[in-house]
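A short write-up of the structure that comes next.
Just so you know, these numbers use all the heavy atoms, side chains as well, and skip hydrogens, waters and symmetry mates. Lettering of chains follows the sequences in order, A, B, ..., and the numbering in each one begins at 1.
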Amino acid sequence: MSKHLSDLVGGVIFFGLTLLFWLQTTGQPAVGQDMANNPFWYPRVLLILMGLASLLLIGKGMAKRSEQGERIKLPFKSIRLWAGVGLIALFLLAFDSLGFLPSALLLVPLFCFSMGYRNYVVVAVFTLVFVPLIWLVFTYGFSIRPPGVGLDTVLEMIAGGTDG
Amino acid sequence: MDSLLTALQSLSDPQVIFLVIAGTGAGILIGAMPGLGSVLAITLALPLTFVLDPQASIILLLSLYCGSVYGGSLSAITINTPGTPQSAATLLDGYPMMVQGKGPQAMGWATVGSTIGGLLSAVILVMAAPVLARFGLRFGPIEYFALGIFSLTCVVAVSGEARLKGLIACLFGLLIATIGQDPLTGSLRLDFSSFELSAGVGLIPLLVGLFALSEVFSRLSTKLPATLGNTQSGFRLPALRDLLSRWQILLRSSVIGTAVGTLPGVGATAASMISYAEARRVSPNRENFGKGEPDGLLASETANNAVTSGALVPTLSLGIPGDPITAVMLGALTLQGVTPGPKLFTENPDLTTFIFAGLFFINIAMFALGALLCPLFSRIIRVPEQLLLAAVIILVAIGTYSVNYSAFDLGLMLVAGLAGFAMRLLGFPLAPVVIGFVLGNMIEQSLRQGMILTNGNFLGFLESPIALTLFVLTAVFLALPPLLRLIKFQRAH
């Protein structure tokens, strides 16, 4: 994609955002009649300025779209990028529901392998040291217990299993 | 004097000592990893500030800041790739020295230059910040509004060719800051009928997503190297005689770095480049620049570390951040209930003295860590990037979640990360978004309070001499680039 086309695309995206936000300011009850006390006055000023600037950018991109300029390589065909984005989104979804330890213990090896790093021993050692270490630092160092089953519970379960 | 004693007492606290060493060490490592940089170092640590008191938070963030700026020199010298943009001028002479087998000497010059630059600029900060803060006490809402607009204009003006994109990014940052409760009337606005958004967009998910997560996406879209090449380097201190003979370079570069640091939006990269060019202009060894001349390395590293204290001058004394790093620090302090600005010096002198004393302490710790652990750091930066990115993802997730125990914040961080990545691809600068977001509340409140004071008469804003001066400067900043282009065009035709 040429740099000028990126101006056009960027301008259209921000103009769309301007319209989306503008819709949020319409049909609201008027709290204050004067500008200083109207909560929607200031955001509307910003939206008008952002809309105008976006239109200028669209115009700039349109005017120069035929010119040969600097090119920007878009990575939309990169499987690695989409795999990474998907894995991160799944990890963030699982973080609260599945818990920190299981989701992080799954993320590190899956992420490394899908990104082309295949040194299994290094990945295993890194995962089994780094993830529990972070859990320990947050739980005992900062008194913030990450969600889900904790290392202490796992150790108790293992100890219970051994005793039984 | 009492404040100084209290500050020294606080600095001798084992927790503070630990945070300085850990923060500086982590900063050096993150700064040395090409592409990660100071903003990522600070944003990664931002959620941790919630479990620390204001003093501990600020010392951790400052340690990471100073450490990461210095850390950039490590990869610039050893692998010819600046770890941070601030060290771009360092590799011009640092890497040739490494190739000539003078890697340990290059690391020595970089460490000494960074330390002296940091210390001298801290002295300037101690002298300049209270003076500026006393001047800032004259500021009311109108003056603050004018100052906020001037700062944003500077940040947008230095967005290079992408000035229009910088303006849009800045307006977008200001707009995001308006989401949630109106600060004056308490009415809800722009919340998209979402309960979570009614409290506004959180600083931490936004910043962490915009900088850290978008950096991860950005690196995923490029080919990841398995490991870096030979990164081994030692450390050798320069001889005292050689160092003293270069006192002019040290002093000049420190002043350039501090002065550039105080200007909103210009930053350490420009400071090191200007300092390098100036050192080359006056050096008797100018023909050796670019071939492994210690003068060039010293000028670049002294200036980029001098920026660290320079950038704190407007941040602490006026509450106006000049770059994303100080914007994050300002946000972290505000979240802790500490409002940087002129009143900070009168209402919380212990904290300001602690920050001043802390900067000296951090720079000394940076020197010690650099001298002792430089060979170790240069080996650690060989960690495969895939492992590094996985670690960053885990740290940003747990850090962001921990602030409010909120899954919504994780979603917001992901959206901010994707938005930041898209903006990078389309050539929109990220710094104006952050600075706009951080300053948004102050600008809106001061504008509306000013309008109440002037009965809605905008011309009344121009009656304040300070505001008028700032508005004129803003107009000059806005008009200068198109005027220069016009003159250039007319000369060409």
At their closest point, which heavy atom of [X] faces which heavy atom of [Y], and how far apart are they?
| X | Y | value |
| --- | --- | --- |
| A:P43 | B:L190 | CB-CD1, 4.0 Å |
| B:A397 | A:F91 | CB-CE2, 3.5 Å |
| A:S143 | B:Y405 | O-OH, 4.5 Å |
| A:P39 | B:D182 | CB-OD2, 3.4 Å |
| B:L426 | A:G10 | CD1-CA, 4.0 Å |

Can you tell me how far the [atom1] atom of [X] sits from the [atom2] atom of [Y], to the nearest 0.5 Å?
| X | Y | atom1 | atom2 | value |
| --- | --- | --- | --- | --- |
| B:I394 | A:F130 | CD1 | CZ | 5.5 Å |
| A:N119 | B:L387 | CG | CG | 8.5 Å |
| A:L81 | B:S221 | CG | OG | 6.0 Å |
| B:R448 | A:Y42 | CZ | OH | 9.5 Å |
| B:L389 | A:F111 | CG | CZ | 5.0 Å |
| B:D191 | A:Q24 | CG | CD | 6.5 Å |

Can you tell me which of [options] forms the most heavy-atom pairs within a distance under 4.5 Å of chain A?
| options | answer |
| --- | --- |
| B:L418, B:I393, B:T400 | B:I393 |
| B:M451, B:E444, B:Q181 | B:E444 |
| B:L184, B:I168, B:L174, B:V51 | B:I168 |

Is [X] in contact with chain B via its backbone, its side chain, both, or neither, using a 4.5 Å heavy-atom distance?
| X | result |
| --- | --- |
| A:L107 | side chain |
| A:L87 | neither |
| A:V131 | side chain |
| A:A89 | both |
| A:W41 | side chain |
| A:I88 | side chain |
| A:L20 | both |

| query | Relative to chain B, which of A:T18, A:L57, A:V45, A:L93 shows the most heavy atom pairs under 4.5 Å? | reply |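 Looking at each option in turn, the highest pair count goes to A:L57.
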| said: Only pairs of heavy atoms separated by less than 4.5 Å count here; which of A:P147, A:P146, A:G116, A:A83 has the most with chain B? | reply: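 Of the candidates given, the most pairs with chain B belong to A:P147.
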Which atoms of [X] approach chain A - backbone, side chain, both or neither, heavy atom under 4.5 Å:
| X | result |
| --- | --- |
| B:T178 | side chain |
| B:I398 | both |
| B:L52 | neither |
| B:F428 | side chain |
| B:F192 | both |

Close side-chain approach of [X] and [Y], heavy atoms under 4.5 Å:
| X | Y | value |
| --- | --- | --- |
| B:P384 | A:M115 | no |
| B:M413 | A:L92 | yes |
| B:F408 | A:D96 | no |

| said: How about CD1 on A:I79, more than 12 heavy atoms from neighbouring residues, nucleotides or ligands closer than 6.0 Å, or not? | reply: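 Open: at most 12 neighbouring heavy atoms sit under 6.0 Å from CD1 of A:I79.
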| message | Counting only heavy atoms not in B:F18 (residues, nucleotides, ligands), do more than 12 fall under 6.0 Å from its CZ? | response |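 12 or below, so no.
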| query | B:K165 and A:S6: side-chain contact (heavy atoms from CB on, under 4.5 Å), yes or no, with the steps? | reply | CA-CA 11 Å; B:K165 289 179 175 173; A:S6 82; 3.5 Å; yes
| So, A:R80 side chain and B:L220 main chain: donor-acceptor pair closer than 3.5 Å or not? |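 Pair found, side chain donor or acceptor close to backbone of B:L220.
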| request: Take the angle between the ring planes of B:F172 and A:F14 and call it parallel below 30°, perpendicular above 60°, tilted in between. | output: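 The rings of B:F172 and A:F14 stand perpendicular, inter-plane angle above 60°.
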